[in-house]
4 protein chains.
Amino acid sequence: MTDATVPGVVSPGSGASSVAEPAAADAAPVGRVQRKRDRRIRQILTAAAELVGERGYEAVSLEEVAERLDVTKGSLYHYFSGKDALVTAAIETLGDDWTARLEGLPAGREGTAERRLRALLGEHVRIAVREYPAALRLFLVPSTWPADQRTRIKELRRRHDAVFRAVLNEGVAGGEFSVVSVDATLQCLHASMSQAPEWVGGLRRAEQERVLDDLVETLMKLVAR
Amino acid sequence: MTDATVPGVVSPGSGASSVAEPAAADAAPVGRVQRKRDRRIRQILTAAAELVGERGYEAVSLEEVAERLDVTKGSLYHYFSGKDALVTAAIETLGDDWTARLEGLPAGREGTAERRLRALLGEHVRIAVREYPAALRLFLVPSTWPADQRTRIKELRRRHDAVFRAVLNEGVAGGEFSVVSVDATLQCLHASMSQAPEWVGGLRRAEQERVLDDLVETLMKLVAR
Amino acid sequence: MTDATVPGVVSPGSGASSVAEPAAADAAPVGRVQRKRDRRIRQILTAAAELVGERGYEAVSLEEVAERLDVTKGSLYHYFSGKDALVTAAIETLGDDWTARLEGLPAGREGTAERRLRALLGEHVRIAVREYPAALRLFLVPSTWPADQRTRIKELRRRHDAVFRAVLNEGVAGGEFSVVSVDATLQCLHASMSQAPEWVGGLRRAEQERVLDDLVETLMKLVAR
Amino acid sequence: MTDATVPGVVSPGSGASSVAEPAAADAAPVGRVQRKRDRRIRQILTAAAELVGERGYEAVSLEEVAERLDVTKGSLYHYFSGKDALVTAAIETLGDDWTARLEGLPAGREGTAERRLRALLGEHVRIAVREYPAALRLFLVPSTWPADQRTRIKELRRRHDAVFRAVLNEGVAGGEFSVVSVDATLQCLHASMSQAPEWVGGLRRAEQERVLDDLVETLMKLVAR
DNA sequence: TATGAATGAGTATTCATTCAT
DNA sequence: AATGAATGAATACTCATTCAT
């Protein structure tokens with residue numbers, strides 16, 4: 001994802017716009033100014049994503065986001081058209097980062113489908129528990145949100161699921177896995193892992209590891225022949 | 001659950017102390033007045049539970065709850081000490097009702113463990129999808145809540161899980177099921193079913209049914225030998 | 001003060017009235033019922049006076065008064081037309097009791113005017129400190145109160161002051177005392193004593209006694225020749 | 001007191017940290033912006049102090065304060081963290097102004113201790129009567145306030161009393177005055193003067209003057225040899 | 001008499017958003 | 001680009017008062 005495609009970003013000099021920029025903008029040379037702007041946006045999104053990941057959408061205030069960045073609330077409006085836009089973009093960033101980490105996992109690319117799936121599940125669940133304890137909430141976007149943004153979130157999840165779906169499909173094709181339905185299996189995998197932070201939150205580290213291992217093994221049954 | 005055990009309920013001017021109570025009152029352990037009060041509390045909890053089930057905790061305002069009951073906000077404070085207390089009680093009510101329905105399910109009590117589990121999963125997921133679309137949120141109690149209430153919710157979940165745990169244990173004991181860990185399996189079942197409304201929300205009824213059947217079958221794999 | 005003259009008391013059978021009863025009511029035999037009513041009123045006033053004495057007017061809620069009496073808020077409206085009426089009456093009761101105690105003091109009636117004044121001051125200040133820590137507030141009746149009630153409070157203070165005024169006048173007449181103005185002297189005495197709870201509130205008992213003795217001696221200078 | 005020391009004031013987006021500050025800013029220790037902010041805070045405090053002085057703490061609502069300043073309630077929260085903070089700061093301001101006026105009084109600095117004390121008492125009592133009719137309430141800070149703020153108020157009174165204490169001490173040292181205890185004398189002076197508005201509130205101006213003179217003369221007896 | 005349910009106007013507080021500088 | 005002041009609508013909560021039973 002390049003910053004230029006971040007949704008809800010206010011385009012400089014053209015007033016507020018909650019719609020993504022036309023790619024035509026690329027025609028203009030991307031100068032220092034633009035790069036600086038992109039960097040700033042990146043900072044904001046990171047801060048917002050962390051907060052939303054920790055506390056959930058409704059509990060995060062722009063004040064907090066601004067404070068974490070050591071700027072004022074008003075500044076955020078130079079880059080985003082409003083809270084929804086900012087948070088949506090942040091969720092997207094968080095999801096993209098997460099997806100990228102899974103994709104970048106060496107163990108996720110070699111060996112049998114089973115080994116790869118196990119590695120992906122382990123990494124995913126550990127990211128969830130340690131870094132995004134409220135990640136589940138990200139996908140519970142208030143039903144009052146504009147359809148536009150809900151669509152965006154669903155799209156994000158699709159991308160996120162793709163990495164699991166690929167392994168699943170390969171496993172099935174290669175005869176390693178057997179599933180009732182790839183979609184249903186994906187949903188179960190995702191749901192189970194997302195809620196993990198809830199159960200293991202109060203446990204000691206050693207116990208956490210054991211429980212998470214059990215979780216991964218249990219989930220592997222979903223694809224067993 | 002009897003209403004008398006609803007948490008956070010404000011007790012009426014009772015406090016029998018400096019003035020002598022007529023002993024006759026003991027004859028009728030619960031008077032008309034008390035029954036009426038209980039009924040009202042029930043109404044409030046039902047309304048609140050519906051709203052929380054639909055929109056989640058943070059998004060529900062007391063104003064809305066009051067409006068749905070056609071009373072004023074202030075009235076709610078006659079019965080509950082505050083929003084947290086009301087919502088906690090509502091969640092508890094909702095959870096208890098849900099649990100009771102599962103327990104009351106005939107198909108959940110007879111036949112092989114496998115048949116019973118399948119029946120329970122089917123019913124649970126259909127309740128989730130049709131009646132409590134935001135039920136998942138119920139278990140995402142904000143970490144800022146008082147410990148007291150968080151404990152209560154966890155206790156509630158334990159009761160709720162018990163019905164599944166019983167079948168699971170029997171199935172394992174009888175050699176019908178095989179699981180990595182009963183706890184992990186329960187968590188996966190619960191999480192997967194709770195999030196179901198999210199995926200199937202936009203589908204047509206017929207499609208919904210098919211997807212939910214797939215889901216149940218997929219989950220049955222978690223206990224396969 | 002007989003209860004029949006308590007202001008703001010709702011007359012039975014005649015609807016609410018914030019005006020004192022005409023003495024003609026005495027024509028009717030004062031039956032058991034009336035006596036019971038009077039006793040109840042007395043209880044309410046005592047409870048209210050204590051609370052107002054402790055916390056001040058604005059901080060006391062009818063709920064608290066009712067709770068201390070183990071009745072419901074609504075019940076209070078059988079006896080008083082509203083909060084102001086109740087509190088005014090309570091202040092009056094408190095003031096009357098206080099005055100009565102000073103008047104009943106043996107040391108206040110015999111010996112030289114100086115000995116008597118010293119005894120009165122000592123007792124007064126000790127009542128203030130130990131029993132009515134917020135008594136001062138009683139005389140800071142919100143200026144928004146109806147004139148009727150403000151008058152009543154002033155009248156009460158006049159009665160209360162009378163006991164000191166009498167000794168003062170005698171002392172002056174007998175040549176024992178010398179004052180710039182009896183009124184001003186009274187005001188100073190009253191004000192100084194009323195605020196005593198504020199300074200000595202945090203002190204240990206022994207220290208309190210020493211400080212209060214200093215206070216009394218200091219005040220005696222106001223009448224020195 | 002400089003505004004920078006006003007308690008409870010919310011600091012603006014400062015928090016200089018992740019972003020480098022231009023060192024040049026140090027040249028102007030207090031910029032235009034800061035001065036403007038200080039002026040605004042001053043305005044708010046003055047309005048609040050007046051209201052508190054007139055009506056007392058509990059009776060003042062933020063709405064009233066805001067209205068007097070022709071801003072909205074919410075704006076006050078830009079400068080103060082809440083009602084307590086605002087009111088405490090207002091009391092402090094009021095007390096400081098009062099103290100400063102007494103200290104600035106020429107007649108309070110020259111002549112015999114007796115002349116100076118008489119001048120101070122006269123001025124003090126006239127400020128109380130004319131400008132802060134509810135000033136007494138300021139020192140009756142509700143016992144429910146946070147300890148932090150109660151301490152602050154006590155400290156304020158100490159500063160306020162200091163101006164009288166100094167004259168008292170000098171008079172005693174120089175043999176002009178004779179007191180039982182400096183502390184007790186101060187308390188009596190303060191209490192008597194603070195309550196003055198209550199007695200003289202309803203009088204005509206000419207009468208007021210006479211009564212206040214009597215009051216001052218009466219209080220002078222407290223230090224008579 | 002007494003109760004307890006209900007009200008409605010009020011209170012402090014929060015927060016996304018706007019805008020002049 | 002960034003600030004910080006200001007807004008206004010919303011939110012939880014309180015309390016004196018009324019009233020049917």
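In this text, all values refer to a predicted model and were calculated from it rather than measured experimentally. Per chain, numbering begins at 1; letters A, B, ... match sequence-line order.
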Subject >> Identified pairing partner of E:dG4, criterion: Watson-Crick or G-U wobble below 3.5 Å >> reply: F:dC19

Subject >> salt bridge (Lys or Arg N to Asp or Glu O under 4.0 Å) assessment of B:E58 paired with A:R55 >> reply: CA-CA 12 Å; B:E58 323 225 31; A:R55 292 221 260 291; over 6 Å; no

**OP:** Report the distance from atom CG of B:L69 to atom P of E:dT7, rounded to the nearest whole Å.
**Re:** 10 Å

Original post:
Should B:R40 be listed as having a side-chain N or O under 4.0 Å from OP1 or OP2 of E:dA6?
Top reply: yes

Subject >> From CD (C:E92) to CD (C:Q149), nearest 0.5 Å >> reply: 10.0 Å

**OP:** For C:V60, answer base if it contacts any base atom (sugar-phosphate contacts may also be present), sugar-phosphate if it contacts only those atoms, and nothing otherwise; contact means non-hydrogen atoms under 4.0 Å.
**Re:** sugar-phosphate

**OP:** In whole angstrom, give the distance that lies between atom CG of A:D84 and atom P of E:dC15.
**Re:** 15 Å

Subject >> Interatomic distance, B:E64 CD vs F:dT11 C1' [rounded to whole Å] >> reply: 11 Å

Original post:
Relative to the 5' end of DNA chain F, which residue comes earlier, B:K36 or B:K83, by the nucleotide with the nearest heavy atom?
Top reply: B:K83

Original post:
With sugar-phosphate meaning primed atoms plus P, OP1 and OP2, does A:V65 contact a base, only sugar-phosphate, or nothing at under 4.0 Å between heavy atoms?
Top reply: nothing

Subject >> Distance below 4.0 Å between A:T72 side-chain N/O and F:dT3 OP1 or OP2 >> reply: yes

Original post:
Whole-Å distance between F:dA5 C1' and D:R39 CZ?
Top reply: 14 Å

Subject >> Comparing D:V33 and C:E63 on DNA chain F - which has the more 5′ nearest nucleotide >> reply: D:V33

**OP:** Name the pairing partner of E:dA12, where a pair is Watson-Crick or G-U wobble with both distances under 3.5 Å, or state none.
**Re:** F:dT11

**OP:** Round to the nearest Å and state the distance from C:L86 atom CG to F:dT17 atom C1'.
**Re:** 13 Å

Original post:
So, the side chain of C:K73 versus the backbone of C:E64: is there a donor-acceptor pair under 3.5 Å, distance only?
Top reply: no

Original post:
Expressed in angstrom and rounded to an integer, what is the separation of B:Y77 atom OH from E:dT11 atom P?
Top reply: 17 Å

Original post:
To the nearest Å, how far apart are B:H78 NE2 and E:dT7 P?
Top reply: 9 Å

**OP:** Just call it for B:Y79: base, sugar-phosphate, or nothing, with non-hydrogen atoms closer than 4.0 Å on any strand.
**Re:** sugar-phosphate

Subject >> 5' priority, DNA chain E, between C:L76 and D:K73 [closest heavy atom] >> reply: C:L76

Subject >> First of B:D70 and D:A59 reached from the 5' end of DNA chain E, by closest nucleotide >> reply: B:D70

**OP:** Using whole Å, report how far CZ of A:R55 lies from P of E:dC15.
**Re:** 10 Å

Original post:
B:R37 side chain N/O closer than 4.0 Å to the phosphate oxygens (OP1, OP2) of E:dG4?
Top reply: no

**OP:** May I ask you to check if C:K83 and C:Y77 form a cation-pi contact, with NZ or CZ under 6.0 angstrom from the six-membered ring centre and within 45° of the axis?
**Re:** no

**OP:** Tell me what C:S61 touches on the nucleic acid: a base, only sugar-phosphate, or nothing, going by heavy atoms under 4.0 Å.
**Re:** sugar-phosphate

Original post:
Taking only N and O in the side chain of B:S75, is any of them less than 4.0 Å away from OP1 or OP2 of E:dA5?
Top reply: no

**OP:** Indicate whether the side chain of B:Q43 and that of B:R40 have a donor and an acceptor atom separated by less than 3.5 Å.
**Re:** yes

**OP:** Please determine, by modelled atom types, if B:R37 and B:Q34 share a side-chain donor-acceptor pair under 3.5 angstrom.
**Re:** no

